[in-house]
Visitor: 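One structure, as structure tokens, below. Some questions next.
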Amino acid sequence: MTDDEGSRGVGPDRIRSVAVHREDVANALEATLRSDREVVLRATPPFSGRMRARLHALDAGGGDGEAGDGAPAPLHIDPRALVAEAPPYPEVDDTAAEHPDADLAARRKRHAEAVEDWRETVRERVAETVEIEVDGETRTVDVTALG
């Protein structure tokens, strides 16, 4: 086995499926849409055929680059790629416009309900596959939705 074969044997090219928790996908997508933060689902080496990807904010640190010993970098998956037909996030002004005569407490309640409905829809629409980039090439892997 050459050095090249050895590094390919532990890299993300081994991944056949990624398991994600539905709540992590909803949280990551909401954070991405509602803030300046870049939130992803991250799988960390060593890589195997089946990987678990967890919620991770890229601006939170935690060694996102390649390790100095040549180990592969973590795999980052954009939450938008994990949701089939994501609905638009409910904006406060849109929710208020639907009930212009409601008092502030009622508007807040209705907006909270709209956000929870959005989150439930996102959790239900986790995709069955996702494209990941490996060594500059795009590969399709299966997604297992947990929860």
Visitor: Rounded to the nearest 0.5 Å, what separates atom CG in D117 from atom OG1 in T121?
Guide: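 The CG atom of D117 sits 6.5 Å away from the OG1 atom of T121.
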Visitor: Does a side-chain N-to-carboxylate-O contact under 4.0 Å join R108 and E113?
Guide: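 The answer is no: the pair does not qualify as a salt bridge.
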Visitor: Is there a side-chain contact between T32 and Y89 in this structure, where contact means two heavy atoms from C-beta onward sitting under 4.5 Å apart?
Guide: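 In short, these two side chains do not touch, never coming nearer than 4.5 Å.
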Visitor: Rounded to the nearest 0.5 Å, what separates atom CD in E98 from atom NE2 in H111?
Guide: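 It is 11.0 Å, given to the nearest 0.5 Å.
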Visitor: Could you list all the salt bridge (charged side-chain N to carboxylate O under 4.0 Å, His left out) pairs where at least one residue sits in residues 15-26, not counting sequence neighbours?
Guide: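 Non-adjacent pairs meeting salt bridge (charged side-chain N to carboxylate O under 4.0 Å, His left out): E23-R119, E23-R123, D24-R52.
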Visitor: Tell me if the CD atom of E30 is crowded by more than 12 foreign heavy atoms within 6.0 Å.
Guide: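 More than 12 heavy atoms, drawn from other residues, nucleotides or ligands, come within 6.0 Å of this atom.
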Visitor: So do E91 and R34 actually touch side chain to side chain, heavy atoms under 4.5 Å?
Guide: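 SC-SC contact between R34 and E91 confirmed.
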Visitor: Find out if a path of hydrophobic residues (ILVMFWY) with successive side-chain heavy-atom gaps under 4.5 Å connects L33 to V122.
Guide: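 L33 clusters together with V122.
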Visitor: Over all heavy atoms of both residues, which pair between L75 and F47 is shortest? Give the atoms and the distance, please.
Guide: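 Residues L75 and F47, closest heavy atoms: N-CZ, 3.9 Å.
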Visitor: What residues join V92 in its hydrophobic cluster, counting side-chain heavy atom gaps under 4.5 Å, either direct or through other members?
Guide: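 Same cluster as V92: nobody, lone residue.
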Visitor: Can you name the nearest heavy-atom pair linking A102 to R110, along with the distance?
Guide: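 Taking every non-hydrogen atom into account, CB-NH1, 3.3 Å.
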Visitor: Give me the ring orientation class for H56 and H76: parallel if the planes are under 30° apart, tilted from 30 to 60°, perpendicular past 60°.
Guide: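 If you compare the ring of H56 with that of H76, the planes turn out parallel.
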Visitor: Could you check if a side-chain atom of T140 sits within less than 4.5 angstrom of a side-chain atom of V130, using non-hydrogen atoms only?
Guide: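 Answer no - side chains too far apart.
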Visitor: Just do the side-chain contact (heavy atoms from CB on, under 4.5 Å) check on T129 and V141 with the steps written out, would you?
Guide: CA-CA 6 Å; T129 61; V141 298; over 6 Å; no
Visitor: Taking all heavy atoms of A81 and all of A127, pick out the closest pair and write down the distance.
Guide: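 What the structure gives for the nearest pair is O-CB, 4.4 Å.
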Visitor: Would you name the heavy atoms of W118 and P88 that are closest together and state the gap between them?
Guide: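 Taking every non-hydrogen atom into account, CD1-O, 3.2 Å.
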Visitor: Given V40 and I77, is the side-chain contact (heavy atoms from CB on, under 4.5 Å) satisfied, shown in steps?
Guide: CA-CA 5 Å; V40 297; I77 304 172; 5.8 Å; no
Visitor: Quick one: OG1 on T144 to NE2 on H21, what's the gap to the nearest 0.5 Å?
Guide: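 Going from the OG1 atom of T144 to the NE2 atom of H21 covers 13.0 Å.
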Visitor: Evaluate the side-chain proximity of L55 to V39: yes if any heavy-atom separation is below 4.5 Å, no if none is.
Guide: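 Yes, their side chains come closer than 4.5 Å.
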Visitor: When you look at V143 and V20, which way does the side-chain contact (heavy atoms from CB on, under 4.5 Å) test go after all the steps?
Guide: CA-CA 7 Å; V143 174; V20 295; 3.9 Å; yes
Visitor: Provide the closest heavy-atom pair for P74 versus T44 in the form atom of the first, atom of the second, distance.
Guide: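 Heavy atoms only, the tightest pair is CB-CG2, 4.2 Å.
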Visitor: CZ of R37 to CG of D59: how many Å apart, nearest 0.5 Å?
Guide: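 That separation rounds to 4.5 Å.
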Visitor: If only atom types and distance count, is the side chain of R42 paired as donor or acceptor with the main-chain N or O of A57 below 3.5 Å?
Guide: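 Answer holds: no.
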Visitor: To the nearest 0.5 Å, how far apart are CG in D13 and CZ in R139?
Guide: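 So the CG of D13 and the CZ of R139 are separated by 6.5 Å.
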Visitor: Does a sphere of radius 6.0 Å around CG in D36 hold more than 12 heavy atoms from other residues, nucleotides or ligands, not counting ones at 6.0 Å or beyond?
Guide: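 Check fails, neighbour count at 12 or below.
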Visitor: Looking at every heavy atom in both P87 and R125, which two are closest together, and how far apart are they?
Guide: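 Looking at all heavy atoms of both residues, the shortest contact is CD-NH1, 3.8 Å.
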Visitor: Suppose the criterion is salt bridge (charged side-chain N to carboxylate O under 4.0 Å, His left out): which pairs have a residue in residues 74-90, not counting sequence neighbours?
Guide: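 Output for this query lists D78-R80.
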